[in-house]
Each structure stands twice: as structure tokens, then as C-alpha cells.
Visitor: 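Sharing a structure here in C-alpha cells format.
Since the model is a prediction, treat every value here as computed from it, not as a measurement. Just so it is clear: chains get the letters A, B, ... in the order the sequence lines come, proteins before strands, and each one is counted from 1.
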Amino acid sequence: MKTLIFRTIAPFLAALMVLFSVFVTLRGHNEPGGGFIGGLIAASAFAIHGIAAGVHSVRRTLYFRPLSLAAFGLMLAGLSGLLSILFRVPFLTGLWAFPEIFGVELALSTPMFFDIGVYFVVLGALASIALTLEE
Amino acid sequence: MVLDFSDYTFWALAAPFAAAAIAPVAKKYLGHNAAWLLALVPAAIFLHLWNYILPVSNGTPVVLATDWIPLYNVKFSIFIDGLSLLFALLISGIGTLIILYAGGYLKGHADQGRFLSFLFLFMGSMLGVVLADNLITLFIYWELTSITSFLLIGFNHKLEASRRAAIQALVVTGGGGLALLAGFILMAHTGGSWEMSELLGNRDILKDSPIYTAILLLVLGGAFTKSAQFPFHFWLPNAMEAPTPVSAYLHSATMVKAGVYLLMRVNPILGDTVLWSTILPIFGGLTLLIGTWMALRQRDLKLVLAFTTVASLGLLVMLVGTSNEKAITGAVMYLFAHALFKGGLFMIVGTIDHEAGTRDLTRLGGLRKLMPISFITAILAALSMGGLWPMIGFIAKEEVYAGIFGTSPHFIAITAVAVLGNAMMFAAGFLVAVRPFFGHERTTPKKAHEGPMLLIAGPIVLSSLGLITMIFGGFTAHSLLAPMASSVAGVQAHVKIGFGLHFNTALALSAVTVVLGLVFYKGADKIRNAKGYLIEFLGKGPDKGFDYVIAGLVRGAAGVTRVLQNGNMESYLTFTFLITAAAILLPLIGWNELPTMPQIPALHFYEWGVLGLALVGLIAILIAKDRLTAIVSLGIQGFAVALIFMLFGAPDLSFTQFMVETLSVVIIALVMTRLSLKEHDPRPLYQFLLDALVAVAIGGGMALLLISVTQVPFDPSLSNFFTENSRLIAHGRNIVNVIIVDFRGLDTLGEIAVVMITGLAVVALIRGTRHAYRKNVDPLDDMMNNEGADK
């Protein structure tokens, strides 16, 4: 597995995959994609990086423990649902805001943060399984 | 009336919880004297509730409500009538004294702040129980009292006995609470309302219902466990492990009366039936006799009082069970008197324990000169408990006797039980109030002296109230007790309180009681040392029974776990697959719903190509020489499925399938390297065939299920809804994603929680098996340590 080509390419590949996973997650509401698939892509990115460069390096790159990332995601998803309490609507009701920043209309919504939460849970849980197995 | 935040009653209900939050802080800065400040909270609640006496005694109950969960008709509502008002006054009034007492009793204890905090939490919950109108609100407060009682009993959590008593109380009262919830749901379902005040307006609807028996038994399950009726009485004496303020407050004056409160509350709508007036007097009477008998056998003063409390609760249940207006008036008066004298006596016993260092009956004596104030208050309380003139307890007992004598078909039995029980109660009361104070002085672990103000204020107030309520008999009778008795009986009740003696049957019965009581008092030492199988059984039996039940549960659970979780992965998989296959196939075959053979569809050549690819993958798995090839072949088959999704217009599914397949191959391969398996499959032929059978069953079953699903007419209403509304209300064009994060967000939240937990479990498993077996440490600890070490 640890061929020169693979070891050289893997970090770049992983970086590209993480970037792509963010792209896929954020466009998910309108195009194919979403937090689940984005999280899977990111998790495989770290798995590949782990195989090529060793688990230690990946853990250093990630900085946070993968399971902490998953926990953060779960909390984010839960909190984005709880925001509805301030508007006196049921739990997990989608709330939308369209602020204009530098003349560009930005669609902010609780489902988006929910999806980002899903992304982190999938990424964290799978990356932690893969990394633990690779050790 | 609508309840809103500007109403003081709302704040009165919330105040104890707020006080619970500030109690530890106040203790930190003011020491034990924080009690003086904190006692202002229940005192203020008491004074606020006092305002309700006038409207309530004029016969207009107050109902306050606000919506809580409108979807399910759950309101946060309060119902203040004679019954709930007197209870609330007792809770806040005695609560004030108990907070002061706790300030003195736990002076210098490191966790005094926490203790006061728990007491306030309990006070808030108990106020909620008696004031709640909505059944769900009532139930939640009811459970809160169980939980806070658990915290208080287990306050000395380093003692094994405390922990056991706490868990026992929680299991018994919590289990009863579940029965109560079921009873409440049936009540609301049958009566058509969740509000107690509305149910009370429709007297016969529950009694005439075909499920009356079920409702009654479930409600009794809740009430009997909470109020420690035989055979559930054992938890109450054990709960005496708690510090004395708790025993005085929860386990005599308030919480254990919650069950009696409930019975009194539902008496108009569930009472006065054959079942009611059979079950309640029998269990109440048994509890009365067993309680008083066991009380006489104790050496520990607190246990004497605990068993007399059990007995008093039995007496109250027996009286409510007669559903007779006069007996209920007696019960109401007795309950009021009991709260005063028993609360006072508990606090005196606590003071003796605190100042003399022991509360063993046989080691105390001659304290009357050392603790004169305690002595006088104890005698006053015991006079009331023994039902002697001129205390409130006397009038209460006269009323009880007048209420039961000659009013029910079995009155002779009931009267005999009441007289016998009261006589033993008389003896027990004077054992507590007389024995420690008379006789010659004994050497006690501590040099005894009178308790400080914080400790004796409560007993002084409560004991003298036994007399003061007599002096102001008109007010007590008309403003406090008559409204309560009317609420319980469901008809206007009349209460008279005065010092005059009436020469009638009741007085004669009282005389018999006193004479018998003196006999029991003389024979107390003999009773205590008496031995006998039945005595032992009635006293300790249910307590041991509880242990047997719990141990049996644990053994049963261990047995089931051993069978189902035998540690062999292969058998887990085989069982899971076989049961799934059976669940799919048996209904299909049994109801003859096997699908018809579908037509071969007309496909493009490339679609055939993808199907062929899947087939190649499958065959490759079967003929693969080593495991790694088989795993990769499985991936080929999965990729082919992903391609099919793509071709038939499900890009999201296809995308996800690709990633899942990739990751599964990687993870399975990694697991394989870790397990250091042999490269080739070592299964013998018969095992191989057996596994093949399981595989065919589950695979075939799944395929048949899918085919039959496609042959059922398709109901498009859901997909139409999603298609139409995805853009409109959820602002998204990707319907799959909108469903995941918006329409069915709650499902997703549950699913990602499962993903998270799976991740945790897998990591714990891998690390646990690696380190824990070798080093014999807790896998979870080990995992945490390693996570840290790896960084």
C-alpha cells in the first residue's frame, strides 16, 4: 500500500476530497448531495490519508478527536432544532433567513445547520472507527 | 381563570425551585444561619396561600390554568379547594419549620447546602402534587416527589443502608407511579377530561364505566405504594436512614400522605362502591394493626415513630374506604392533627439524637431536667397522638369513632380494629415522649443538654398548635377542616371543635382505648422481646421479599443475557438473519401473499451490462480463493447496484451507495487484518451448506418482499406532497435532502445519534479488547486514557 506514488498523492487527494465534501454538503439542498454523503466522503479522505501517512499524522491534522467532532455535530443538529423554541414553533421546524451580504443574498436556515451536524456526526463516527482500526 | 406569570400563585409554585438553586450559595456565605433567610420562602408561600382561605371556605374553589402542551390537551393547571388548600398550607407551614430545623440539625455538615436544596426541590414537587388540577401535571409532580425523596433518603450516600433504602423507596413508589399513570390515562379517557376539577363534576361516569375495576386498581397501586400500605409498607421504616428533618417532613407530614390525598381526592368519583369499601378498609386496617404492633417492638425512637406513621396512614385509608361523610370528617381531622403531632415528635427525637448522641429507647432516661422544653413539647405532642383531652387529637379521635360506629355493615370489625390500633398508637406515643425523659439519668454518648433555637422552634410551634387550634376551634373547624371534609366527601360536611365533652359511645370507646393503651404501655418491653414466626414474617417479610424480587430480576436478566449474548459472533449473525428471514417469509407464505413472477423487463444493453456486472461480483465472492478477494468482489456487486440507482434516476442514493461500498470494503478489510484470520475459509462442508441456507433464506426473502411491494398499487399521496412542498415550504429542490433534514428531521436526529453511539461502541470494543483483557481494567476508562495518549 505504501508506494511512493500513493504516499505522495494521498495528502493532496485527501485535501481535495475534504474540500469536495464541504461543497457536496452545502449544495445538498438543491442538487444531489447533503450532509450524509459529504460526511462519508470526508471520512474516506481521512481513511486514505491514514493508510498513506499513518494514523498519528491524521490525528495531528484533525486536531480534534474524531468522536468529539461527532459529538459536536450531534449537538449542532439538536441545537438547530431547539432554535425553534425562541419562535414558539414545534421542535425542528425549519427557520429561514435571507440576509444580504455584499449584495449577495445568502440563504441561512436551521436545516442547513442540521445538515452540517449530520456531516460532522458521520465524519467523526466513521473516521474514528477507521482510524482505530488502522492503528 | 387564566394562570399567567403575573399571578403570585404561579410564583408560589416556582419559588421552592428557585430557593433550591440559591440554597447552596446562601449556605456558603451565611453558614447554617442561611436557614433563617431561606425559611422566608416557604413562609411567604404560606402567607400567600392563606389568602385563599376566605374564598375557599365560602365554597368557591379556584381554578387557574395555562396551556402547556396544547396538542395533547395537557395544561398546567391548579385547583385550589378545601382539600388541596389545607395540604398546601401544611406543606408550606411545616416546610418553614423544617428548613429552620435542618439549619440547626446539619450545622457544620459539609453538604448542608445540597441538603437544603433537595428539601426545597421536594417542597416544590409536593406543593405541585396537591395543587395540580391536570392529571399529567399531577403525575409529573408525583414522580418528582419520588425522585426528590430518593435523593433525600440517599443523602448519606456513603452508607450502604442509605443507598439500599433510597433505591427501595424509588422502586416501590416509582413502580406505583407507573400504575398511577395508566390509571390516570384510563380516567381521562373514560371521563373525557384531563382536569380533576372537571372529572369531579361528573360523579358517576367513572363508577358506571366497564373499566372501573381497572381504573380503581391502578389508582390504588399508586396510592398504596406512596402511602406505605401493607404489603408495600416496608420502604417507609427503611427510609428512616435519611437525616431526621427528612423523616419529619417527607415521611410523616407530607409525602407519604400523597397517597391518602389522592384517595381523598378521587373519593367522590371512584369511592362508595363495593370494591372500594372492601379493599380500602381491609388493607388500611391490616396496615394499622401491623404498623402499631411493629412500632411497639422497636428500640430506635425514629423507627417507633416510622411504624406509627405507617399505622396512621392505614387508619386514614380505612376511614376513607368507608366513604361515609362522618368517618371522612374524622379522617380529615385526624390527618390534620397527625401532621402536627407527628412532625413535632420526629423533630424532638431528632433533637434528642443530636444532643444525647443516641436514640435507642433502652439507653435513654431522665432527660426531663436536661431538656425541659423538649420534654414539655414531647408530652403535648404525645397527648395529641394518644387522643387525650384537651388536644386536637382528642377531637379527631372522637370524630373517628363517632364516624365509624354503627354506620357500615361491618362496623364492629372496623371499630375493633380502630380501637386496638389506637390503643397501641397511644402506647407508642408515650413510649417516645415519656421513656427518654423519666426514670434515672443514663450515661449517653454525648452529655445531653437542651437543643438550640433552630432545633426546638419547630417542635414548640407544632406541639402548641395542637392546643391553639383547639382554642380557635371555630376558625379551625369552619375555615380549614370543614371545606376539606366537604371536598373529600363530596357533600357539605359539618365540623365542630370545642372543649366540651359529650357523653356518648365515642367517649366510651375512647376510654376503652386509653385503658388498653395503658396495658400495652406496661407490656411494651415484653412485646419488644416477644418472638414468633408470624411476628417476624409480618415485620420483615415484605422487606425480604423485595430483595428476593430484585435478586430474581438480576438473575433472570443474567440468564437471558447468557443465552442471547454468548460471545460468539457467528451465532449472533445466524440468529439475527434467521429471525429476520422468518419474519419476512412466514407472513408471505402463511397469508398466501407470495408475489406473482414478474415479467422480464425490456432493458437497454448497458442496463443488462450493469446487471451482469453485479452477477460477476456475486459469483466471484463464491469462488474466491481468499478472503480479501471475496471482500473486493462484494464491493463490485455493490458498485453495480449504485450504477443501477444512477441509471434509474436516483443520483443521491447512487452517490451514497458508492461511498458506503467503498468505506465498507476498507473497514471490513481493516477488520480482517486485525482479526489475523487464516487466509482461506476453514469451514467444513456441512457448516458451509448451513450458512448458505441462511444466506439464501434471507436474500430470497428480501427479494420476494421487494417484488411483492412493487406489485401492490402505489399510493402517491406522500411523494406528491413532498414534490409539491419541497420547494414551497422547505426552499429546497433536492427532495431527498429536504426529507432528510426537514420533513423527517426528527428521524434523522435519531439516526445520527445511533451513528454516534455506534462509533463510540466500536472504538470501545476495539480498544477494550486490546488493552482491557490484558490489564484487567475498565474498557471505557482505558479508551479515554488512550484517546488522550494518542494525541
Side-chain angles (χ1 to χ4, degrees), chain A residues 24 27-41 43-44 47-48 51 55-56 59-60 63 65-68 70-71 73-74 77-78 80-81 90-94 96 98 107 109-115 117-118 120-122 124-135, chain B residues 71 646 650-660 662-663 666-674 726-727 729-734 736-738 740-749 751-767 770 783-784 786-788 790-791:
Chain A
V24 166
R27 75 167 198 164
H29 217 56
N30 291 314
E31 311 287 336
F36 191 74
I37 176 74
L40 287 177
I41 295 173
S44 17
I48 287 173
I51 293 170
V55 175
H56 187 69
R59 288 202 190 277
R60 215 177 41 221
Y63 187 73
R65 290 179 208 165
L67 273 178
S68 307
L74 194 56
S80 76
F91 182 57
L92 277 171
T93 306
W96 290 77
F98 299 95
S109 66
T110 52
M112 185 179 86
F113 287 105
F114 187 85
D115 218 8
V118 174
F120 275 112
V121 172
V122 174
L126 286 179
S128 85
I129 294 173
L131 290 180
T132 317
L133 282 171
E134 281 170 17
E135 263 166 15
Chain B
L71 191 60
M646 181 91 87
D652 272 283
L653 267 183
S654 153
F655 216 167
T656 312
Q657 176 79 10
F658 271 122
M659 289 319 300
V660 169
T662 315
L663 273 172
V666 170
I667 288 179
I668 294 178
L670 285 172
V671 171
M672 289 290 173
T673 56
R674 238 165 209 285
S726 165
R727 182 92 191 100
I729 52 180
H731 307 280
R733 283 194 304 274
N734 179 357
V736 175
N737 185 259
V738 168
I740 291 175
V741 298
D742 200 334
F743 288 143
R744 306 213 55 103
L746 193 61
D747 291 0
T748 312
L749 192 62
E751 282 154 14
I752 56 176
V754 171
V755 170
M756 165 91 207
I757 292 165
T758 313
L760 263 175
V762 170
V763 172
L765 206 64
I766 299 168
R767 296 189 182 248
R770 192 172 55 192
M783 179 181 102
M784 292 328 231
N786 268 289
E787 281 272 281
D790 285 336
K791 280 188 71 169

Visitor: Tell me, out of B/Asp742, B/Ile740, B/Leu749, B/Val755, who's got the most heavy-atom pairs with chain A below 4.5 Å.
Guide: B/Leu749
Visitor: Any idea which heavy atoms bring B/Leu663 and A/Ala43 closest together, and the distance?
Guide: CD1-CB, 4.4 Å
Visitor: How long is the straight-line distance from CD1 of B/Ile752 back to CG of A/Leu74, given to the nearest 0.5 Å?
Guide: 5.0 Å
Visitor: Can you see which heavy atom on B/Asp652 is nearest to which on A/Gly33, and at what distance?
Guide: OD1-N, 2.9 Å
Visitor: Could you pull out all residues at least two apart from B/Leu653 that satisfy side-chain contact (heavy atoms from CB on, under 4.5 Å)?
Guide: B/Phe645, B/Ala650
Visitor: Which atoms of A/Ala71 are under 4.5 Å from chain B, going by heavy atoms: the side chain, the backbone, both sets, or neither?
Guide: both
Visitor: Which heavy atom of A/Glu134 sits nearest a heavy atom of B/Leu670, and at what distance?
Guide: CG-CD1, 3.6 Å
Visitor: Nearest 0.5 Å, what's the CZ-CG distance between B/Phe655 and A/Leu40?
Guide: 10.0 Å
Visitor: Can you give me the closest heavy-atom contact between A/Ile41 and B/Met659, atom names plus distance?
Guide: CA-CE, 3.7 Å
Visitor: Are the side chains of A/Thr132 and B/Val762 in touch, meaning some heavy atoms are under 4.5 Å apart?
Guide: no
Visitor: Quick one: pull up CZ in A/Phe36 and CD in B/Glu751 and give me the separation to the nearest 0.5 Å.
Guide: 8.5 Å
Visitor: Atom CZ in B/Arg727, atom CG in A/Asn30: separation rounded to 0.5 Å?
Guide: 6.0 Å
Visitor: Looking at B/Ser726, B/Gly732, B/Ser654, B/Pro651, which has the largest count of heavy-atom pairs under 4.5 Å with chain A?
Guide: B/Gly732
Visitor: Identify, with sequence neighbours excluded, every residue that meets salt bridge (charged side-chain N to carboxylate O under 4.0 Å, His left out) alongside A/Glu31.
Guide: B/Arg733
Visitor: How long is the span from the CG atom in B/Asn737 to the CZ atom in A/Arg27, to the nearest 0.5 Å?
Guide: 11.0 Å
Visitor: Examine whether an atom of A/Phe98 lies under 4.5 Å from a heavy atom of chain B, and if so say whether it belongs to the side chain, the backbone or both; otherwise answer neither.
Guide: side chain
Visitor: Quick one: of B/Val666, B/Thr662, B/Thr748, who has the most non-hydrogen atom pairs under 4.5 Å with chain A?
Guide: B/Thr748
Visitor: Between A/Ala77, A/Ala130, A/Gly94, A/Gly28, which has the largest tally of heavy atom pairs under 4.5 Å with chain B?
Guide: A/Gly28
Visitor: Roughly how far, to the nearest 0.5 Å, is CG of A/Leu133 from CD1 of B/Ile667?
Guide: 6.5 Å
